[in-house]
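Note that the coordinates shown come from a computational prediction; the quantities given were computed from them, not determined experimentally.
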Amino acid sequence: MAELAALEEPRAREVNEKHGDDHGVNLSKLRAVAKRLKTQQELSHELWSTGDTAARLLSLLICRPKAFESEELDSMLRESRTPKVQDWLVNYVVKKSAHCEDLRVSWFSDPDPEVASAGWALTSERVVKKPEGLDLVLLLDIIEAEMKGAPDRLQWAMNQCLAQIGIEFPEHRARALDIGERLEVLKDYPTPPNCTSPFAPSWINEMVRRKG
């Protein structure tokens, strides 16, 4: 914890707090610490239990993803608190877990929008990598009805799913573009030069263009 505190950078904290995160540790330096520690499941548990965001991020880098039970991952998601911890938990741990699909299904329609956003993030992953069995029409129906009024993180995750359906499935592309155009979610999101806008129609068209 002392080592993590020493890696704190005020400017990094200032930037992170604008995105809802409460840590100021340079992530490259954090990854270097994780590389030195290697996999240590017991230490990972201890770091997580501190509740400190930087410690939890380090915890997720040194854990053994397949060692967690489904109930444990569910509890960890619900107590994640910050966007970065939730993102890393979903991407670095849950996606590598044998419980991933069961958690995706249970989180998808959870009444807590933060939890539901994790279910949608995992659904976007399935749209791209393993779409068999997904009802894409139903997903588009839900997005069309609920995305506009959804809280930020859930809205972002739904928007990503909308874009991925439009990119990956030509037969659903026209509808995905239409939903995006009408709802105008993230249309004015500030996007740096040479970066793809998260506005779904722009995102879909750009990725389809790149695929040629």
Side-chain angles (χ1 to χ4, degrees), residues 27 31 34 39 57 60-74 76-78 80 83-110 112-144 146-147 150 152-180 183 185-186 189 191 195-212:
L27 296 182
R31 291 179 191 279
T39 302
L57 292 172
L60 296 170
L61 292 175
I62 65 169
C63 74
R64 189 174 291 110
K66 291 180 168 47
F68 294 100
E69 294 299 327
S70 177
E71 295 78 11
E72 193 172 11
L73 291 171
D74 182 71
M76 289 169 73
L77 181 78
R78 293 175 190 280
S80 290
K84 183 67 73 179
V85 171
Q86 181 173 326
D87 286 344
W88 281 24
L89 175 64
V90 170
N91 287 299
Y92 298 165
V93 183
V94 177
K95 284 181 181 178
K96 297 175 183 175
S97 164
H99 309 294
C100 180
E101 179 60 13
D102 288 341
L103 289 170
R104 181 191 76 80
V105 172
S106 68
W107 289 342
F108 183 81
S109 51
D110 195 277
D112 182 337
E114 303 279 309
V115 176
S117 73
W120 277 89
L122 292 172
T123 300
S124 292
E125 176 91 349
R126 263 202 67 184
V127 166
V128 176
K129 295 187 174 175
K130 195 180 177 185
E132 300 80 10
L134 286 178
D135 187 337
L136 300 179
V137 173
L138 178 60
L139 288 175
L140 290 173
D141 288 346
I142 297 171
I143 291 167
E144 187 170 21
E146 300 178 14
M147 181 171 74
D152 287 352
R153 282 184 66 69
L154 178 55
Q155 184 183 70
W156 188 276
M158 284 182 163
N159 183 71
Q160 181 179 14
C161 191
L162 173 66
Q164 296 296 4
I165 292 172
I167 292 163
E168 300 292 331
F169 295 91
E171 66 272 30
H172 296 295
R173 189 169 297 148
R175 185 180 178 202
L177 288 167
D178 177 63
I179 291 171
L183 298 187
V185 166
L186 301 175
Y189 192 83
T191 305
C195 290
T196 304
S197 168
F199 178 49
S202 301
W203 187 355
I204 293 166
N205 287 327
E206 175 61 18
M207 298 312 291
V208 170
R209 183 188 68 77
R210 287 187 200 177
K211 286 184 174 188

query = Going through the checks in order, is the side-chain contact (heavy atoms from CB on, under 4.5 Å) test met by I62 and T39?
reply = CA-CA 4 Å; I62 65 169; T39 302; 5.8 Å; no
task = Could you give me the CA-CA distance, side-chain angles and deciding distance for L183 and L162, then say whether side-chain contact (heavy atoms from CB on, under 4.5 Å) is met?
result = CA-CA 12 Å; L183 298 187; L162 173 66; over 6 Å; no
request  = Check step by step if side-chain contact (heavy atoms from CB on, under 4.5 Å) holds for L177 and N205.
outcome  = CA-CA 9 Å; L177 288 167; N205 287 327; 3.9 Å; yes
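Checked against side-chain contact (heavy atoms from CB on, under 4.5 Å), D141 has the following partners two or more places apart in sequence or in another chain: V137, R175. Partners of D152 by side-chain contact (heavy atoms from CB on, under 4.5 Å), not counting sequence neighbours: none found. The salt bridge (charged side-chain N to carboxylate O under 4.0 Å, His left out) check on D178 picks up R182, with sequence neighbours excluded. Not counting sequence neighbours, the partners of A116 by the side-chain contact (heavy atoms from CB on, under 4.5 Å) test are L154. Residues passing the ring-ring contact (aromatic ring centres under 6.0 Å, His included) test with F199, sequence neighbours excluded: none. Every residue meeting the side-chain contact (heavy atoms from CB on, under 4.5 Å) condition with R210, not counting sequence neighbours, appears here in chain and number order: T196, E206, M207. Every salt bridge (charged side-chain N to carboxylate O under 4.0 Å, His left out) that K129 has, sequence neighbours left out, goes to E125.
Counting only distance, with no hydrogens or angles, the side chain of S109 and the backbone of W107 share no donor-acceptor pair below 3.5 Å. Not a single donor-acceptor pair under 3.5 Å links the side chain of S202 to the backbone N or O of P198.
Taking each heavy atom of T191 and S197 in turn, the nearest pair found is OG1-CA, 3.6 Å. Counting all heavy atoms, side chain and backbone alike, S124 lies closest to A157 at OG-O, 3.9 Å. Shown here for D112 and D110, the closest heavy-atom pair between the two residues is N-OD1, 2.9 Å. Closest non-hydrogen pair, I204 versus A176, comes out as CD1-CB, 4.0 Å.
Side-chain contact between I143 and C161 is present, with heavy atoms from C-beta onward closer than 4.5 Å. The shortest distance between side-chain heavy atoms of M158 and I142 falls below 4.5 Å. A heavy-atom distance below 4.5 Å is not found between the side chains of M76 and V94. Contact annotation: the side chain of W120 approaches that of L139 to within less than 4.5 Å [non-hydrogen atoms, C-beta and beyond]. Between L77 and E114 the shortest side-chain heavy-atom distance does not fall below 4.5 Å. Residues W203 and I167 have side chains in contact (heavy-atom distance under 4.5 Å, counting atoms from C-beta outward).
Within the structure, side-chain hydrogen bond (donor to acceptor under 3.5 Å, both in side chains) pairs that include any residue of residues 85-94 comprise R31-Y92, Q86-S117, D87-R153, N91-K95 (at least two apart or interchain). For residues 159-169, the set of pairs meeting the side-chain hydrogen bond (donor to acceptor under 3.5 Å, both in side chains) definition, not counting sequence neighbours, comprises E168-K211. Among pairs with a residue in residues 61-74, those fulfilling salt bridge (Lys or Arg N to Asp or Glu O under 4.0 Å) read D74-R78, at least two apart in sequence or across chains.
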List the atom pairs, donor and acceptor, that lie under 3.5 Å between side-chain atoms in residues 97-105 and the rest of the protein, sequence neighbours left out.
unit_1: S97; atom_1: OG; unit_2: H99; atom_2: N; d: 2.9
unit_1: H99; atom_1: NE2; unit_2: F68; atom_2: O; d: 3.4
unit_1: E101; atom_1: OE1; unit_2: R104; atom_2: NE; d: 2.9
unit_1: E101; atom_1: OE2; unit_2: R104; atom_2: NE; d: 3.2
unit_1: E101; atom_1: OE2; unit_2: R104; atom_2: NH2; d: 2.8
unit_1: E101; atom_1: OE2; unit_2: R126; atom_2: NH1; d: 2.8
unit_1: R104; atom_1: NH1; unit_2: T123; atom_2: OG1; d: 3.0

